[in-house]
Amino acid sequence: MANTDDDRRPKYQRIADSLREAIQSGEYGPGDRLPGENDLMATYGVARMTARQALSVLRDEGVAEARKGAGVFVRAFRPLRRRGIQRLSQERWGNGRSIWSADIEDRALEVDQVTVSEEVAPDRIGAVLDLAEDETVCVRRRRFVLDGKPVLLSTSYLPASVVAGSAITQEDTGPGGTYARLAELGYKPAHFREEIRSRMPSKDEAAQLGMSAGTPVVLVCRTAFTDEGRPVEINEMTLDAASYILEYDFDA
């Protein structure tokens with residue numbers, strides 16, 4: 001009898017597929033320990049390296065996570081559904097709500113590692129914000145932690161000449177955040193542009209986000225424009241790809 005395509009797949013991939021199906025069927029739930037290398041060796045009659053590769057596939061996909069000295073477990077963190085359009089609505093930040101309120105529902109969000117500084121604008125930032133050479137920007141850096149899990153690193157750049165003396169230069173920008181404060185300053189955001197790409201994380205990014213080996217990051221660069229078309233903020237975000245679902249819901 002001829003081999004099927006599945007039979008020709010590497011053994012470690014077939015084992016990973018079997019484990020993934022068991023997770024999807026509910027045989028293994030969030031937080032459950034998966035069979036270890038010795039278990040897989042005995043069940044499938046494979047070498048330790050093959051069993052290790054099978055578990056690595058699930059870790060790299062973000063389906064499972066390794067816990068030092070304890071084994072490999074089904075990932076318990078529920079991915080965050082990022083509603084890319086609704087979250088930026090003026091009805092949200094204009095009424096004093098965080099744009100994150102569109103995404104997190106009743107989950108616990110913490111913002112840490114917050115720093116605010118005034119720096120000379122990097123060339124790529126100055127070009128987009130249409131700044132003069134050596135003109136400075138207000139730089140806001142922070143990390144977002146959801147249900148105890150770091151999910152996003154964010155760095156915002158705003159013209160220092162626009163935000164000087166405002167709450168935007170403080171760690172806490174107040175109700176509605178940066179966009180509500182820009183509106184009060186006469187620079188209300190009326191249009192947003194987001195550019196999205198993906199790559200593997202740097203060592204520092206992986207450490208700050210507590211990422212499993214092999215997991216990529218999603219890079220989102222958002223520019224906010226006034227009604228006159230003036231760019232007033234650039235926000236460069238680094239997302240743990242395994243922690244997010246990017247949702248875009250719009251009419252035809």
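Numbering of residues begins at 1 and proceeds along the displayed sequence. Just so it is clear, the model here is predicted, and its values are computed rather than measured.
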Legend entry - Sidechain-backbone polar pair: R140 side chain, Q170 backbone, donor-acceptor under 3.5 Å: yes

Inset, instruction - Show the numbers, then the answer: is there a side chain to side chain donor-acceptor pair (under 3.5 Å) between T50 and Y44? - result: CA-CA 10 Å; T50 301; Y44 294 96; over 6 Å; no

Inset, instruction - With rounding to the nearest 0.5 Å, note down the distance linking CG in L40 to NZ in K11. - result: 13.0 Å

Inset, instruction - State, to 0.1 Å, how close A51 and M41 come at their nearest heavy-atom pair, and which atoms those are. - result: CB-CG, 4.1 Å

Legend entry - Separation of E194 CD from L246 CG (nearest 0.5 Å): 9.0 Å

Legend entry - Any donor-acceptor N or O pair under 3.5 Å, side chains E233, Y187: no

Legend entry - Nearest non-hydrogen partners of L129 and P231, listed with the distance: CD2-O, 3.7 Å

Inset, instruction - Flag the pair M200 / P216 as yes when at least one side-chain heavy-atom distance between them is below 4.5 Å, and no otherwise. - result: yes

Legend entry - Side chain R181, main chain P175, donor-acceptor under 3.5 Å: yes

Inset, instruction - Go through the steps to decide whether E27 and S25 satisfy the test side chain to side chain donor-acceptor pair (under 3.5 Å), and finish with yes or no. - result: CA-CA 6 Å; E27 182 178 344; S25 71; 4.6 Å; no

Legend entry - D39 side chain near L34 side chain, heavy-atom distance below 4.5 Å: no

Legend entry - Verify same cluster id: L153, L109 (apolar side-chain graph, 4.5 Å): no

Legend entry - Pair I15-Q53, side-chain contact (heavy atoms from CB on, under 4.5 Å): steps then yes or no: CA-CA 9 Å; I15 296 171; Q53 286 177 301; over 6 Å; no

Inset, instruction - Using only heavy-atom distances, determine whether the side chains of S56 and R59 contain a donor-acceptor pair under 3.5 Å. - result: yes

Legend entry - Short side-chain to backbone donor-acceptor contact, S166 and I168, under 3.5 Å: yes

Legend entry - Worked check of side-chain contact (heavy atoms from CB on, under 4.5 Å) between L182 and V162: CA-CA 8 Å; L182 282 171; V162 168; 4.1 Å; yes

Inset, instruction - Mark yes when over 12 heavy atoms from residues, nucleotides or ligands other than R67 sit less than 6.0 Å from its CZ; otherwise mark no. - result: yes

Inset, instruction - Verify the cluster assignment for L131 and V232: are they in a single hydrophobic cluster under the rule of side-chain heavy atoms below 4.5 Å apart? - result: no

Legend entry - Any L19 side-chain heavy atom under 4.5 Å of P35 side chain: yes

Legend entry - Side-chain heavy atoms of L158 within contact of T178, under 4.5 Å: yes

Legend entry - Donor-acceptor pair, side chain of R143 and main chain of Q208, under 3.5 angstrom: yes

Inset, instruction - Would you give the length of the straight line joining atom CD1 of I23 to atom OH of Y28, rounded to the nearest 0.5 angstrom? - result: 8.5 Å

Legend entry - Cluster link Y157 to V114, ILVMFWY, side chain under 4.5 Å: no

Inset, instruction - State plainly whether the residues R14 and D17 are in salt-bridge range, i.e. N to O under 4.0 Å. - result: no

Inset, instruction - Report, as yes or no, whether the 6.0 Å neighbourhood of atom CZ on F250 holds more than 12 heavy atoms from other residues, nucleotides or ligands. - result: no

Inset, instruction - Rounded to the nearest 0.5 Å, what's the gap from CD on E236 to OG1 on T223? Could you check? - result: 9.0 Å

Legend entry - Minimum-distance pair of heavy atoms, taken over all atoms of L209 and L239: CD1-C, 4.5 Å

Inset, instruction - Verify whether one side chain among S156 and R142 offers a donor that lies under 3.5 Å from an acceptor in the other. - result: yes

Legend entry - ILVMFWY cluster, M49 and V72 together (side-chain gap under 4.5 Å): no

Inset, instruction - Might you point out which heavy atoms bring S154 and L152 nearest each other, and give the distance in Å? - result: CB-CD2, 3.6 Å

Inset, instruction - Please check if V111 and Y179 belong to a single hydrophobic cluster, counting links between Ile, Leu, Val, Met, Phe, Trp and Tyr side chain heavy atoms closer than 4.5 Å. - result: yes

Inset, instruction - With the side chain counted from C-beta on, respond yes when D130 and R230 share a heavy-atom pair under 4.5 Å apart, and no when they do not. - result: no

Legend entry - Nearest heavy atoms of D240 and M211, plus distance in Å: OD1-CE, 3.7 Å

Legend entry - Residue pair S117 / V139, side-chain heavy-atom distance below 4.5 Å: yes

Legend entry - Q113 and R141, any side-chain heavy atoms less than 4.5 Å apart: no

Inset, instruction - Look at atom CG of D112 and say whether more than 12 heavy atoms of other residues, nucleotides or ligands are closer to it than 6.0 Å. - result: yes

Legend entry - Contact summary for F192 and R222, nearest pair of heavy atoms: CD2-CD, 3.9 Å

Legend entry - Any donor-acceptor pair under 3.5 Å from E205 side chain to S202 backbone: yes

Legend entry - Close side-chain approach of R82 and M237, heavy atoms under 4.5 Å: yes

Inset, instruction - Run through T155, V217, V220 and flag the one making a side chain to side chain contact (heavy atoms under 4.5 Å, CB included) with T238. - result: V217

Legend entry - Ionic contact status for K149 with E65, cut-off 4.0 Å: no

